[in-house]
Amino acid sequence: MASDLSNIIKSEIVSTLESLLSVSGNVDETSLITVSDFSNEQCIKVESNFEFSGINSKWKFYVPTATGTKFEYLMLGGITDLKDTIDDEIADAVKEIVSTICGSISTSVNAQGFDDISAMKFSLGDSTIIQCDEESETDNIYKFTLLLNDESIIVYIAFDKDS
């Protein structure tokens, strides 16, 4: 029987964001979507690769403009203006956040002692600024609606079919 990592993923996303951004948070809703449900705005795509028990699993994080700009704004302590578009600084901030989330997930999964998942580790791949709705070969996409200080933001994660 395959271990269910969904609660660990949700928990580590929230705890990482709370820690890095100094906010309170929770996952308000999670839903399976299709590429056609992506908004037609820019987003930052961060690719990650997880290895465990002889399996490689690729995850793609998609962070829309509104979420990415909010992340950078909060990381800087709210002392700058909230930007309207994604730039390299926002992309770097998002990549740092995704890296920390992936590390937290790996650490938490390894601590659980699952029979079918052991020695989980991750590597971060490329980070690119794209149009979200131009992704055509992505399946198994989950929309995470998060509440940070009671403000709703969206993060998408696409898991490969082996996940």
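What you are looking at is a predicted structure, and each value in this text was computed from that prediction instead of being measured.
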- Message: Between Y142 and Y156, is the side chain to side chain contact (heavy atoms under 4.5 Å, CB included) condition met? List the steps.
- Response: CA-CA 6 Å; Y142 285 83; Y156 303 98; over 6 Å; no
- Item | For F50, ring-ring contact (aromatic ring centres under 6.0 Å, His included) partners two or more places apart | W59
- Query: Should E47 and K58 count as an ion pair when the cut-off is N to O under 4.0 Å?
  - Reply: no
- Between K70 and E151, is there a side-chain N and carboxylate O pair less than 4.0 Å apart? yes
- Message: Side chains of D28 and T145: any donor to acceptor distance under 3.5 Å?
- Response: no
- Which atom pair, heavy atoms only, marks the closest approach of T85 to T65? CA-CG2, 4.0 Å
- What closest approach, in Å, do L17 and V23 show between heavy atoms, and which atom pair accounts for it? O-CG2, 3.9 Å
- On a heavy-atom basis, the closest approach of L124 and S48 is CD1-CB, 4.0 Å
- Looking at D37 and I33, what are the two nearest heavy atoms and their distance? OD2-CB, 3.4 Å
- Query: How would you list, by chain and number, every residue that makes a disulfide bond (SG atoms under 2.5 Å apart) with C102, sequence neighbours excluded?
  - Reply: none
- Message: Q131 vs Q42, test: side chain to side chain contact (heavy atoms under 4.5 Å, CB included). Steps then yes/no.
- Response: CA-CA 4 Å; Q131 285 299 121; Q42 270 189 326; 3.3 Å; yes
- Nearest atoms (heavy-atom pairs only) where G68 meets V63: N-CG1, 3.5 Å
- Note on the structure: In short, L148 meets G25 closest at the heavy-atom pair CD2-CA, 4.1 Å
- Message: I'd like to know if I117 and I55 are part of one continuous hydrophobic network [Ile/Leu/Val/Met/Phe/Trp/Tyr, side-chain heavy atoms within less than 4.5 Å].
- Response: yes
